Every structure is written in structure tokens, then in C-alpha cells.
Protein chains: 2
Amino acid sequence: MLEQAVSNLISDDATLSRKQLAMRDRESELLLIACSIVEREGFAQLNMDKLAAASSYSKGTIYNHFNSKEDLFAALAIQALSKKIPLFKSALDFEGSSREKLIAMHAGMHLFSKLSPILAMCALVSRTPAVTEKSAPERLEKLNTLEDLVVSFGDKFIELGQSSGDITLAPGITSDSIVFANWAMAFGTSSLVNNATQSSCVSRQHDTNIVLQNLNFLLDGMRWMPLSCDFDYQKTWDRAEKDLFGEEVALIENQS
Amino acid sequence: MLEQAVSNLISDDATLSRKQLAMRDRESELLLIACSIVEREGFAQLNMDKLAAASSYSKGTIYNHFNSKEDLFAALAIQALSKKIPLFKSALDFEGSSREKLIAMHAGMHLFSKLSPILAMCALVSRTPAVTEKSAPERLEKLNTLEDLVVSFGDKFIELGQSSGDITLAPGITSDSIVFANWAMAFGTSSLVNNATQSSCVSRQHDTNIVLQNLNFLLDGMRWMPLSCDFDYQKTWDRAEKDLFGEEVALIENQS
DNA sequence: ACCTGAACACCGTTCAAGT
DNA sequence: ACCTGAACACCGTTCAAGT
């Protein structure tokens, strides 16, 4: 059921005509160019003129794909979310306890935001009213559908935790509460890590894994076993990075 | 020392000339008008032309205050932060345990974001590269200074917790870690509550206090005593709302 | 010294003409 | 049917002229 939702949303090559496929390819191409402009010159410097100039298409064609600049941002956010789905799937198959799987998922998300900071940022920016107010309703709907899909993947982790007895929901606490708390913590932590770097309480802890630290506080508070005092989740984190992003991590390490 | 930092930043009437005071008043006036435009027509509709037209000043004068549109957003974010400082002070004096004081602070922050959603949103938007890339360096510096001030207020809560024995820092955990985790959770939770309202796991829990729920997960995980299973923090929350915002809450309740 | 608003430039968006 | 880019409009920003 989930699998079907994924294939409907992500890759449905068989049911698309050649023209539609070409359209989709061109859209990916444009999104790639948009990313590279943002990477090189910053968010404020991305505009439709530059995108047209940097691509081999005219402004009119660009507007055939994105009905406004904000719509373009939303499209980038959708791409970011789409790329995250496979990470959720891999994390569910990650070798280890339910809490280890969940941590693998967060490690994947965090690494994604380090490897594709621009795409990750788009997910933030696209949640901003300046964007939602002007992007196409269909695009926003797709973004919401994808987000709901991610939430249902989140549910799977909770189910695993419950069936293995690693977590028991206290009265008044629903599966949604747990998913939401994880989402809020991940969103808040990476927003601040990416954008509040000048703040003392962020910059002072460069050597510690503050993302894992925050996550351990949260999961310990939910009493998701084993607790962080009884298990070395940093090892899980490292292993997850290797498993989910082996090649990419090696690349980063070679650069520095 | 903190008191001095606050008075330096917030209200220094005595050392300002009459002209500077008038300038500051006009800036407040402009910010108020900017807020009302955003409230009425949305973020995308706020522009310098409209601000000039809605005020009694010309575009040139507006640019005397804000050297770009983004700078205006940053100024709104500074105003938002300034308004939060007194809440931090009141929460520190709140009657109750160290954890209750902390919860009072979060209740204040959350209520603030309900009472002044636009200002609260500016704090989010101003952390976005589109804004930081174009706003005035001096403005950003002031924003950072204010943020550091808020962090040092955060530290005070931790100090209270430690001196009363309500919380003990595990090895490797610093006061900064605790402040950051609180900040990340509060930021993430209110961003999502305000902007992901269509998402199932947010909308489905309208009757529960998801902000307090997330906070209790976190503080329980830090083992900040007493734990949420031993104490009714919802009562603390309600009491804090009355204490910190008595009149405003009454106003909201009368409206609905 | 500061305020003004016309003028300019940039860029988002559209659409008549072309293929 | 789709692509093009000139044309338009909106709005951010500046600055010569006014007080």
C-alpha cells in the first residue's frame, strides 16, 4: 500500500508518454540548474532570467514548467522530499533495534542536508508564507501528499518499536505525537544548525554530534529502549552513514 | 550584567537626543504598519511602495530606516526578539520549580507566537538565506547580539536547575547543549504548528497541547525533575499563561 | 540636514508571432 | 502544439531638487 503510493508519486515511467517523459527530464534539468545558481550565487540571486539564460530554453518555456518563482522553490522542495523517501526505506531495513533504525533515518536526513544543503534549505524556505502564498496549488498539494507519505513512513518506525516492545505509548500519547515530536526536533535542529551558526550555543559545540544528542534526549524522554545510557548510538550513527551513503561520505572525507 | 545588556539593547532613552528618539518612534510606527499590511494581505504583498503609501512618509524616508526590503524583515525579527526578552525575565521569576519556570518560558513563547503570529513568523523568515543575504550587516549583528542575550537568559534556567538539584549534567553534556536542545525543539515545534497545519500528524491533534507534550519528552529525556509522570505540567502551563499574559488571554477567550 | 517623489533598473509575467 | 523573446508592469532603489 505504501509501496504503491511511493511508485505513484516517484517514478511512474511506464504510464507516461514520451512527451511527458521529456517534459519531466527537462524539469529535472532546470531544477539542477536552479540549484547550481543558488549554490554559486545565493538564494537572492536566483531569478527566472538567469535560469533561462543558464539553460537552453526561453523564459516562456520556463513558465511552462513553473508558474511563478515561488513555484520553482516549491518544486525544489518536492525534489528534496522525493530524494528523502529512499532513505526512509533503507533506514527501515537497517540492521538493528527499532531505535537504531530510527536513528539511522535521522542520520540519513542530516547527512542529506549536509550533502545537498541547498535542496534541504528549499524544504525550509518552501514552508515559509512568502512561498506558499504564491506557488501553484497543485504543486503545494503534491508537496503535502509527499509529506503525508513521509509521515506514514514515520509511523512504520513507531509500529516496529511497539511490536518489539521497545516503546510503549503512555495514555494520551498517539503514534502521531511521536512522529510529530521527531519531525519537530529534526526540523528545528537542522534549521538552527544551518542558519544560526553565529550563535554561541551552536558554534561552541563543533566537536559533538548535537543532532544525535538532541535526538537521544527526545527518545530517552519517550523511553524508547534501549536508553542512550545503555547503548552507544554514536556507533549506530556512524554505521548508518556508511550504509546509507557509503560512497558520498568517502567523497566528503577525501575533500577535507 | 545581564540587566545591563538588556537596558543597552532595549531602552536607552536617556542617552538619545530628541531627534534620535523621534527617529526610533517613527521606526516603530513603520514596523507597526508593516505588520498590519502583512496581517491583512500576506507576506508577498508587503512592499516598499505600499509601506510608503500606508504611512505618512515617502519612499526616500523609508529607505532612511531600512536599506532594503529584507532589512525591514530583519527589523521586524529584532522587534519580535525584543518583545520576548521581558517574557524570559518574568518566567525566571515564575513561582515554582526550575522546570516549571522553564515551562512558563515556553508557554510565554508559544502564546507570543499565537498573539503576534506575524512577528513570530518574521523570526523564522529572517533566518532564511533570502533575507540574511540582503539585510544590513549592522541589523544582522544586532539580531545576533539579541539572540546571544536570549541564550544567556536560557543559561539562567539551567543554572537554577543545577543549583536546586533538579537537573544534573551527564558527562559530555554542557549547558549549551541543553539550551540548544530547548531552542531547537521550540523552534521546530512552532514552525511546524504554524506552517504545516495541513499535515495529518499536526492537524489530528488539535485537542492536545502538542507543544507541552514535545517539551515534556525532551525534559524527561534530560531527566529534569520532577518528571512529567510525577507532576501535572499542564497546570503549570495554564498558570503561566495567566501570569504572563493575563489580559491578552482573556481577550482571546472573549473573542471565541 | 532631511525629506520628497520622479526616474531608473531589474525582474516577474504575458502573449502575439513564429515554427 | 509548443516554443520564443519582445513588451509590459510592478516594485526595489537612487538621487537631484526642494525645504
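Because the structure is predicted, anything quoted here is derived from the model rather than measured.
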(message) Using only modelled atom types and a 3.5 angstrom limit, is any donor from either the side chain of A:K59 or the base of C:dT13 paired with an acceptor on the other?
(response) yes
Could you state the atom-to-atom distance from [atom1] of [X] to [atom2] of [N] in whole Å?
| X | N | atom1 | atom2 | value |
| --- | --- | --- | --- | --- |
| B:N64 | C:dA1 | CG | C1' | 10 Å |
| B:L72 | D:dT13 | CG | P | 10 Å |
| A:D71 | C:dT14 | CG | P | 12 Å |
| A:H65 | D:dC2 | NE2 | C1' | 11 Å |
| B:E70 | C:dC10 | CD | C1' | 14 Å |
| A:L51 | C:dT13 | CG | P | 12 Å |
| B:L46 | D:dC10 | CG | P | 17 Å |
| A:Y57 | D:dC2 | OH | P | 15 Å |

If only side-chain N and O atoms of [X] are considered, is one of them under 4.0 Å from the OP1 or OP2 phosphate oxygen of [N]?
| X | N | answer |
| --- | --- | --- |
| B:K19 | C:dC3 | no |
| A:R26 | D:dC3 | yes |
| B:S68 | D:dG12 | no |
| A:K134 | C:dT13 | yes |

Taking a pair as Watson-Crick or G-U wobble with both distances under 3.5 Å, which nucleotide is matched to [N]?
| N | answer |
| --- | --- |
| C:dG12 | D:dC8 |
| D:dC3 | none |
| D:dA17 | none |

(request) Considering only NZ, NE, NH1 and NH2 on the basic side and carboxylate oxygens on the acidic side, decide whether A:K134 and A:D71 come within less than 4.0 Å. (result) no
(message) If the threshold is 4.0 Å, N to carboxylate O, is there a salt bridge linking A:R127 and A:E147?
(response) yes
(message) Quick check for you: to the nearest 0.5 Å, what is the distance between B:N214 atom CG and A:S177 atom OG?
(response) 8.0 Å
(message) Can you confirm if the aromatic rings of A:F43 and A:F73 lie within a centre distance of less than 6.0 Å?
(response) yes
(request) Remember a base hit wins even if backbone is also touched, and classify A:K69 as base, sugar-phosphate or nothing at under 4.0 Å, heavy atoms. (result) sugar-phosphate
Residue [X], side-chain heavy atoms: nucleotide from [options] that is nearest:
| X | options | value |
| --- | --- | --- |
| B:Y63 | D:dG12, C:dC2, D:dC2 | D:dG12 |
| A:M48 | C:dC11, D:dC3, C:dT13 | C:dT13 |
| A:D49 | D:dT4, D:dC11, C:dC11 | C:dC11 |

(request) For A:Q45 and for A:G60, find the nucleotide of DNA chain C with the closest heavy atom, then tell me which residue's nucleotide is more 5'. (result) A:Q45
(request) With A:R139 as reference, evaluate A:I78, A:N67, A:L72, A:N144 under the side-chain contact (heavy atoms from CB on, under 4.5 Å) test and give the passing residue. (result) A:I78
(request) Using the side chain to side chain donor-acceptor pair (under 3.5 Å) rule, pick out the option among B:R26, B:H65, B:E29 that qualifies with B:Y57. (result) B:E29
